Amino acid sequence: KAGVTQTPRYLIKTRGQQVTLSCSPISGHRSVSWYQQTPGQGLQFLFEYFSETQRNKGNFPGRFSGRQFSNSRSEMNVSTLELGDSALYLCASSMETDGELFFGEGSRLTVL
Amino acid sequence: GEDVEQSLFLSVREGDSSVINCTYTDSSSTYLYWYKQEPGAGLQLLTYIFSNMDMKQDQRLTVLLNKKDKHLSLRIADTQTGDSAIYFCAEHAGNNRKLIWGLGTSLAVNP
């Protein structure tokens with residue numbers, strides 16, 4: 001079965017712009033989590049959605065937001081981009097909230 | 001607070017065993033995980049251990065857990081060049097069910 005699909009894979013934005021990233025989970029998975037990965041900070045948890053509800057949230061400013069649709073697809077949005085938002089954004093899906101995480105290949109965002 | 005620490009780099013020769021170490025702080029952790037990330041790819045679950053276990057073996061992988069010292073290790077026997085990757089340790093912090101990640105150990109396997 002198809003894995004977790006993230007789009008776009010690469011994108012370049014400038015400071016002040018906003019960006020929307022998309023994640024399609026494995027069919028049947030209802031939980032989607034988002035992580036930011038940077039060389040210095042490692043993997044930082046952004047948020048988790050389960051059945052269209054945000055179940056958990058990390059320590060990121062309000063510029064970072066997300067949502068989940070009825071088909072379990074999820075989007076995350078970052079507004080007013082800053083240079084420090086340059087990172088690999090990883091999405092992971094699981095059957096249930098505590099289940100094994102299956103990761104996508106990530107969306108690499110560069111902010112100039 | 002919650003924290004997971006790993007050494008950043010490890011270099012071994014092909015055929016040797018690799019041991020990647022991890023320490024964590026949350027004594028209420030229920031599960032501890034090892035993930036592997038190859039270049040340009042997402043993370044792949046390698047193995048996990050429940051907090052009431054001391055050891056788990058899965059083919060070339062052996063996980064040891066010392067709950068008293070909050071120390072977790074991953075041993076890879078007969079390390080191959082295909083094992084070159086970044087290995088992440090993560091703990092499942094019990095209360096809010098999120099994973100806390102180490103910074104990852106970059107394993108280089110030399111022929």
Side-chain angles (χ1 to χ4, degrees), chain A residues 2-10 21-26 29-51 53-60 66 74 87-108, chain B residues 1-10 20-26 28-52 56 58 61 63 72 85-107:
Chain A
V4 178
T5 305
Q6 291 188 245
T7 56
R9 290 291 313 279
Y10 303 92
L21 308 177
S22 178
C23 172
S24 293
I26 291 173
H29 285 193
R30 296 189 293 167
S31 173
V32 174
S33 301
W34 288 91
Y35 290 85
Q36 182 195 65
Q37 185 180 21
T38 57
Q41 297 294 319
L43 274 155
Q44 301 288 315
F45 172 76
L46 280 155
F47 24 67
E48 179 202 359
Y49 287 88
F50 183 83
S51 294
T53 302
Q54 188 180 87
R55 296 291 295 270
N56 221 334
K57 190 175 187 303
N59 297 323
F60 277 81
S74 177
L88 179 67
Y89 290 88
L90 291 165
C91 164
S93 75
S94 62
M95 290 272 284
E96 300 295 335
T97 316
D98 293 341
E100 177 184 347
L101 295 176
F102 292 83
F103 282 83
E105 293 182 324
S107 293
R108 184 166 295 281
Chain B
E2 303 156 337
D3 197 16
V4 174
E5 293 189 355
Q6 306 176 235
S7 53
L8 294 182
F9 301 100
L10 177 65
I20 303 171
N21 294 302
C22 168
T23 57
Y24 61 98
T25 56
D26 189 342
S28 68
S29 293
T30 51
Y31 288 92
L32 295 123
Y33 299 86
W34 285 104
Y35 279 82
K36 176 183 180 182
Q37 185 178 33
E38 295 181 359
L43 279 74
Q44 174 193 5
L45 177 65
L46 273 182
T47 186
Y48 65 92
I49 189 166
F50 190 51
S51 59
N52 68 354
K56 181 178 180 181
D58 183 3
L61 305 178
V63 178
L72 182 74
I86 302 176
Y87 291 80
F88 291 88
C89 168
E91 63 167 337
H92 200 180
N95 289 337
N96 58 10
R97 300 180 297 187
K98 67 180 182 184
L99 285 178
I100 309 298
W101 299 81
L103 291 181
T105 299
S106 181
L107 174 65

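Since we're looking at a predicted model, the values are computed, not measured. Within every chain, numbering begins at 1; the chains are lettered A, B, ... in the order of the sequence lines, protein sequences first and strands thereafter.
- The number of heavy-atom neighbours closer than 6.0 Å to CG of B:Asn52, taken from other residues, nucleotides and ligands shown, is above 12.
- Heavy atoms from other residues, nucleotides or ligands lying under 6.0 Å from CZ of B:Phe50 number more than 12.
- A distance of 9.0 Å separates CZ in A:Phe45 from CD1 in B:Ile100, rounded to the nearest 0.5 Å.
- Here the closest non-hydrogen pair linking B:Gln37 and A:Leu90 is NE2-CD1, 4.4 Å.
- Of the two parts of A:Tyr35, only the side chain, counted from C-beta on, holds a non-hydrogen atom closer than 4.5 Å to a non-hydrogen atom of chain B.
- Annotation for B:Tyr48: atom OH does not count as buried by contact number, only 12 or fewer foreign heavy atoms lying within 6.0 Å.
- Listed options A:Arg108, A:Gln6, A:Glu105, A:Arg9 were ranked by heavy-atom pairs under 4.5 angstrom with chain B; first place goes to A:Glu105.
- When heavy atoms are compared at a cutoff of 4.5 Å, B:Phe88 approaches chain A solely by way of its side chain, counted from C-beta outward.
- Between A:Leu101 and B:Tyr35, the shortest heavy-atom contact is CB-OH, 3.4 Å.
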Side chain to side chain contact (heavy atoms under 4.5 Å, CB included) assessment of B:Leu43 paired with A:Leu43: CA-CA 11 Å; B:Leu43 279 74; A:Leu43 274 155; 3.5 Å; yes
